[in-house]
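Read through the structure below, which is laid out as structure tokens, and then see the notes.
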Amino acid sequence: MPTEFLFRDDAYIAECEAVVTAITEKNGAFGVELDRTVFYPTGGGQPGDNGSLLVAGTALDVTTTVYGDTKGDIIHVIAPGATPPAVGTRLVARIDWPTRHARMRMHTGLHLLSVVLPYPVTGGSIGAEESRLDFDIPESGLDRDTLTEKLNELIGQDAAVTDRWITDAELEANSGLVKTMAVKPPMGSGKVRLVEIAGLDLQPCGGTHVRRTGEIGRMAVSAIEKKGKLNRRVRVVFA
């Protein structure tokens, strides 16, 4: 049975009740599948959530979260040596909220960075303290202070961040929405999730985001690195 992705409807839900539907084992680590979850699985440059599964007063540490055999299944990887709960067990799934929220702020900030630098994105990574985007930029001469100022101007607009769904066919007919060259949008299920920052940005994305850009807080471009003839890596941190 596919997992219900609660984080897609509301990224601010930090915990939920759930039932264990399956247990997996790989390389000595156990994974727990649930009928519903607030844990975001690794994907799109965003790490899988960590946190805990609370079973009858006992907490099992979840070290990361990944997709299962299909994109409809989510596996909660528990710490080595821990005994997984039995199938059918009712429990509470609780994410490490401070880490998730920091990633939500960062992820939304990276969307704005792609507005400041309107070039094709060739890669990226989201962290709780530092994140980056790689751009296909034909010339150098980028200035950290100038980019920081422009990025914070957009953050300061406190624009609303919302999402909606379109069909795969609609996305194919509007290929200009896709900024990322290295990773294709999550297609194949018949629909694609769009994340919109009001008046600023609209692009396919399956990650978690804050509700308004003002919640991001001030950011700073910490480094600009040359990674090839046409590739520039731009790193950002919270200021």
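Counting from 1, the numbers follow the sequence of the chain as shown.
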What distance separates [X] [atom1] from [Y] [atom2], expressed to the nearest 0.5 Å?
X: I216; Y: H107; atom1: CD1; atom2: NE2; result: 11.0 Å
X: F238; Y: S222; atom1: CZ; atom2: OG; result: 12.0 Å
X: L142; Y: L147; atom1: CG; atom2: CG; result: 5.5 Å
X: S114; Y: F135; atom1: OG; atom2: CZ; result: 6.5 Å

Check [X] against [Y] and note the closest heavy-atom contact, atom names and distance.
X: R105; Y: G217; result: NH2-CA, 4.4 Å
X: G127; Y: S131; result: N-OG, 3.0 Å
X: V192; Y: P204; result: CG1-CB, 3.9 Å
X: M106; Y: A128; result: CE-O, 4.3 Å

Within-4.5 Å side-chain heavy-atom neighbours: [X] and [Y]:
X: L113; Y: V236; answer: yes
X: T21; Y: L34; answer: no
X: H111; Y: V195; answer: yes
X: T24; Y: E33; answer: yes
X: E215; Y: H101; answer: yes
X: I137; Y: L230; answer: no

Cut-off 3.5 Å, side chains only: do T122 and N231 have a donor facing an acceptor?
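Checked: T122/N231 side chains pair up, N/O donor to acceptor below 3.5 Å.
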Using only heavy-atom distances, determine whether the side chains of D145 and T148 contain a donor-acceptor pair under 3.5 Å.
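Their side chains do not contain a donor-acceptor pair, so the 3.5 Å distance test is not met.
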Who are the side-chain contact (heavy atoms from CB on, under 4.5 Å) partners of [X], not counting sequence neighbours?
X: K150; result: V116, T146
X: T162; result: E196
X: E225; result: A223, K227, R233, R235

Can you sort out the partners of R36 under salt bridge (charged side-chain N to carboxylate O under 4.0 Å, His left out), two or more places apart, ordered by chain and number?
E4
Partner residues of E153 under the salt bridge (charged side-chain N to carboxylate O under 4.0 Å, His left out) criterion, sequence neighbours left out
none
Any link between [X] and [Y] through a network of hydrophobic side chains (Ile, Leu, Val, Met, Phe, Trp, Tyr) touching at under 4.5 Å?
X: V87; Y: L91; result: yes
X: I197; Y: V115; result: yes
X: L6; Y: I75; result: no
X: L117; Y: V237; result: no
X: I95; Y: V19; result: no

Please work out whether the ring planes of Y12 and W97 are parallel, tilted or perpendicular, with thresholds of 30° and 60°.
tilted
With ring-ring contact (aromatic ring centres under 6.0 Å, His included) as the rule and sequence neighbours excluded, what pairs involving residues 145-164 come up?
none
Residues which pass side-chain hydrogen bond (donor to acceptor under 3.5 Å, both in side chains) with [X], listed by chain and number, not counting sequence neighbours:
X: T37; value: H76
X: E15; value: R94
X: T83; value: none

Taking only distance into account, with no hydrogens and no angle test, what donor-acceptor pairs under 3.5 Å do side-chain atoms of residues 50-66 form with protein atoms, sequence neighbours excluded?
residue : atom : partner : partner atom : Å
N50     : ND2  : D96     : OD2          : 3.3
T63     : OG1  : V77     : O            : 3.3
T65     : OG1  : D49     : O            : 2.6

Between side-chain atoms of residues 205-214 and protein atoms elsewhere (two or more places apart, or another chain), which donor-acceptor pairs fall under 3.5 Å?
residue : atom : partner : partner atom : Å
T208    : OG1  : Q46     : NE2          : 2.8
H209    : ND1  : T108    : OG1          : 3.3
R211    : NH2  : D10     : OD1          : 3.4
R212    : NE   : D158    : O            : 3.1
R212    : NE   : D158    : OD1          : 3.4
R212    : NE   : D158    : OD2          : 3.3
R212    : NH2  : D158    : O            : 2.6
T213    : OG1  : I155    : O            : 3.0
T213    : OG1  : D158    : N            : 3.1
T213    : OG1  : A159    : N            : 2.8

In the hydrophobic cluster built from side-chain contacts under 4.5 Å, what are the other members alongside F7?
F5, Y40, Y67, I74
Verdict with supporting geometry, Q157 and L200, side chain to side chain contact (heavy atoms under 4.5 Å, CB included):
CA-CA 10 Å; Q157 292 188 25; L200 297 173; 3.7 Å; yes
Under the side chain to side chain contact (heavy atoms under 4.5 Å, CB included) criterion, do V32 and I78 qualify, and how do the steps go?
CA-CA 7 Å; V32 180; I78 60 176; 4.1 Å; yes
Heavy atoms from other residues, nucleotides or ligands near CD of E129 exceed 12 (cutoff 6.0 Å):
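Atom CD in E129 is not crowded, with 12 or fewer foreign heavy atoms closer than 6.0 Å.
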Could you walk me through whether L110 and V121 satisfy the side chain to side chain contact (heavy atoms under 4.5 Å, CB included) test, starting with their C-alpha distance in whole Å, then the side-chain angles of each, then the deciding distance to 0.1 Å, before giving a yes or no?
CA-CA 11 Å; L110 290 185; V121 176; over 6 Å; no
